[in-house]
2 protein chains.
Amino acid sequence: MQLDNRKKEVLHAIVDDYVSTNEPVGSKSLIERHSFNVSSATLRNDMAELEHLGLIEKPHTSAGRIPSDKGYREYVNSLMTIEELTPREQLEIEKRIDSSVDEVTDLIKNATHTLSETTGFVSLAMSPRLKKSFLKQLKILMIEPGKALVVMVLSAGVVKDKVVRIPNFLNDEQIMKISGAIEKHLTGKPLDEITLVTVESAGKNTDVPEPLLKQVLYEAYAAIKQADELNIYLEGEHRMLSLPDFSSLGRARDLLGTLSDSGMVAGYVNEMENAARELGNDDSYMIRIGQEITLEGLDDCSFITATYNLTDSVSGNIGVIGPKRMLYSKVISQIDFVKKKLNEEMKRFT
Amino acid sequence: MQLDNRKKEVLHAIVDDYVSTNEPVGSKSLIERHSFNVSSATLRNDMAELEHLGLIEKPHTSAGRIPSDKGYREYVNSLMTIEELTPREQLEIEKRIDSSVDEVTDLIKNATHTLSETTGFVSLAMSPRLKKSFLKQLKILMIEPGKALVVMVLSAGVVKDKVVRIPNFLNDEQIMKISGAIEKHLTGKPLDEITLVTVESAGKNTDVPEPLLKQVLYEAYAAIKQADELNIYLEGEHRMLSLPDFSSLGRARDLLGTLSDSGMVAGYVNEMENAARELGNDDSYMIRIGQEITLEGLDDCSFITATYNLTDSVSGNIGVIGPKRMLYSKVISQIDFVKKKLNEEMKRFT
DNA sequence: GATTAGCACTCTCACTCTAAGAGTGCCAAC
DNA sequence: GTTGGCACTCTTAGAGTGAGAGTGCTAATC
């Protein structure tokens, strides 16, 4: 995209004005609001050119221009400058991040909440991808005949558990043996290297009768697999209803309908993460604008995420879904700052 | 409320027609749609009377009538007849209730989901009130120096845990001793009879140095208290946006805004439950209509809940928030049937 | 070649006006 | 107590209008 300097400034100004006023921007009001040292006719020529390039568009013939998805993309990639949050804003966020919680999950939920409150948009976070974390402890506790609890402590400081069914006849001692054997053989192994075969061979030399043993091992395996399932936390969906961008009930309905399927949103966040890795993206954030988002009903939204790290190899995402018409530089710094604080807090757990 | 038979029929018909058409009901259309053997002028007199009694109202001078909150209340209390679901509808619900889950929480979430899908409204469930359930097991597992996991098995078949901080110097053996002592003394005690004093006296004769011991006991106590905290599961908020009753964005915003504060909703459900108990209500459901609901933004809603039982003394609520203008008899049977299925499934856990 | 002033043209938006339609309340008669 | 009749009220949809904002084009100017 080769744009001369003035055209860049014009696009920049159009995005800024449109974001702040939510009105299509005309050549005259551009002149009024900014100090271009040319006439409105000249800007009209520039604007025609920008429209020709697909960076801005008109809602109708006699309206001003609004940025297209491509225009926002250009703005985000090349034009905007990201400013640090003011100390005051930073303090506001720091106050909200609760550093007294004892579980990583609570910390993440807390950060999600903070992000929704500060941006005023929908915020979301994925639970950490635990595939690369390894087992530090695994205990099977008898709850009652036929039922046991598998408790796992993972290297990333995360505790997971799952209630499982076991054969009725098994006693405490037998369960302890199996539990001990699994722990002994699998401690230190990353979750994604643990398969049903690994678990079965770990329990091999326990003197528990074969079919019973096998069932317990299977359940233990299922518990381990469940531990690395991804969760997503979404918050602040209702905030979208207060934005003029979603004053049409239809759009709002489509948007909230899509967001209610949290599994789908989680899948999309993963897709973004993977795409960024493949591209070797070195930005601290990922961004998708308007139609770039393949989820239904998010055409008028932008989706911004960042990656937090629990350990070097265990990470997750945190981000925001807001209207396309947002103050990108501000929102990006907010996400970035929350992520930074989250990373700091997470050191306590590992 | 003494109404002669025809007036009752008129109110019944107005509610029915308004619920199905979402249009104010006029005297003429009442005659057309129902076989009253009188003229529209007579109905107009009856309607004037019903309006005088505050049971129906006019949106404006020349519109038909719509039921008032009081009218709906009369309808629900005295006029409607609740019909059983058809076998087909029952099957639909049975298919959705997943009987393979191993944890009570999952079962409840599943029932909530089912209820939202079948009614098309917002559904909600409260976690069981565990105050009256008693401790069956309590184990403290060392996770790493300074950190432990308190695992509790409760009489109602529920497993709870909490990560807690403990003094760094404590070793596995000391923790086991404390854990054993607590379990020995508190097993069988209902949660609401366990106080900090009880826990402290339970751990008294452990030979662990005083200040360290005290901290662990306090954390164990905190874990027990956290176990009986109430959770609420809300689902299907976005469905309200598809209803004509919330086609005004303002109303929709207020409603979803209120629902986003799940703690507040949970408090309200508790209040309903307590009020019903005090009144010795023997209905299988509780219902609040329009302004009877003290939550902001729910003026156009009705709130219906039922009580499920995990054990004789451990119960929770499940219900629906929908528009006032709903098919009460149908929705009530749906809630009732889901509750019944839920109760049946819960027997597996206790 | 870039910039500008001027102007005709287009489209939206807010307003007003109007007629149709639905429903009511009341009165006098049955 | 019930009914037919009728004047009255209020909403809604549609049509028409003028103001306002903005554009694109042309011809002149720097």
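Values reported hereafter were calculated over all heavy atoms of this structure, with side chains retained and with hydrogens, waters and symmetry mates removed. In what follows, chains carry the letters A, B, and so on, assigned in the order in which the sequence lines appear, proteins first and then strands, with residues in each chain numbered from 1.
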Original post:
Is any side-chain N of the basic residue among Arg73(A) and Glu292(A) closer than 4.0 Å to the acidic one's carboxylate O?
Top reply: yes
Subject >> Residue pairs involving residues 30-45 of chain A (criterion salt bridge (Lys or Arg N to Asp or Glu O under 4.0 Å); sequence neighbours excluded) >> reply: Asp17(A)-Arg33(A)
**OP:** Could you tell me the separation between the CD atom of Glu49(B) and the P atom of dT24(C), rounded to a whole number of Å?
**Re:** 16 Å
**OP:** Establish, from distance only, whether the side-chain atoms of Ser284(A) and Asp336(A) form a donor-acceptor pair under 3.5 Å.
**Re:** yes
Original post:
Over how many whole Å does the gap from Glu51(B) atom CD to dG25(C) atom C1' extend?
Top reply: 11 Å
Original post:
How bent is the helix from dG1(C)-dC30(D) to dC30(C)-dG1(D), comparing axes over its five end pairs at each side, to the nearest 10°?
Top reply: 20°
Subject >> With sequence neighbours excluded, residues passing salt bridge (charged side-chain N to carboxylate O under 4.0 Å, His left out) with Asp254(B) >> reply: none
Original post:
Hey, is Lys330(B) close enough to Glu83(B) for a salt bridge, meaning N to O under 4.0 Å?
Top reply: no
Original post:
Can you name the residues that form a side-chain hydrogen bond (donor to acceptor under 3.5 Å, both in side chains) with Thr114(A), not counting sequence neighbours?
Top reply: none
Original post:
Does a side chain donor of either Arg65(B) or Tyr18(B) reach within less than 3.5 Å of an acceptor in the other side chain?
Top reply: no
Original post:
Listed in order of residue number, which residues of residues 58-68 of chain A have a non-hydrogen atom at under 4.0 Å from DNA chain C?
Top reply: His60(A), Thr61(A), Ser62(A)
Original post:
Between Lys7(A) and Glu49(A), is there a salt bridge with N-O shorter than 4.0 Å?
Top reply: no
Subject >> Contacts of Asp16(A) that satisfy salt bridge (charged side-chain N to carboxylate O under 4.0 Å, His left out) - sequence neighbours left out >> reply: none
Distances under 3.5 Å between protein N/O atoms and the N/O atoms of nucleotides 13-18 of chain D, please, pair by pair.
none

Subject >> Close residues, residues 11-48 of chain A, relative to DNA chain D [heavy-atom separation under 4.0 Å] >> reply: Gly26(A), Ser27(A), Arg44(A), Met47(A)
Original post:
Among all residues two or more places apart in sequence or in another chain, which pass the salt bridge (charged side-chain N to carboxylate O under 4.0 Å, His left out) test with Arg251(B)?
Top reply: Asp300(B)
Subject >> Set of residues satisfying side-chain hydrogen bond (donor to acceptor under 3.5 Å, both in side chains) with respect to Lys324(B), sequence neighbours excluded >> reply: Asp69(B)
**OP:** Identify, with sequence neighbours excluded, every residue that meets side-chain hydrogen bond (donor to acceptor under 3.5 Å, both in side chains) alongside Ser116(A).
**Re:** Arg239(A)
Original post:
With sequence neighbours excluded, what pairs up with Ser29(A) under the side-chain hydrogen bond (donor to acceptor under 3.5 Å, both in side chains) test?
Top reply: none
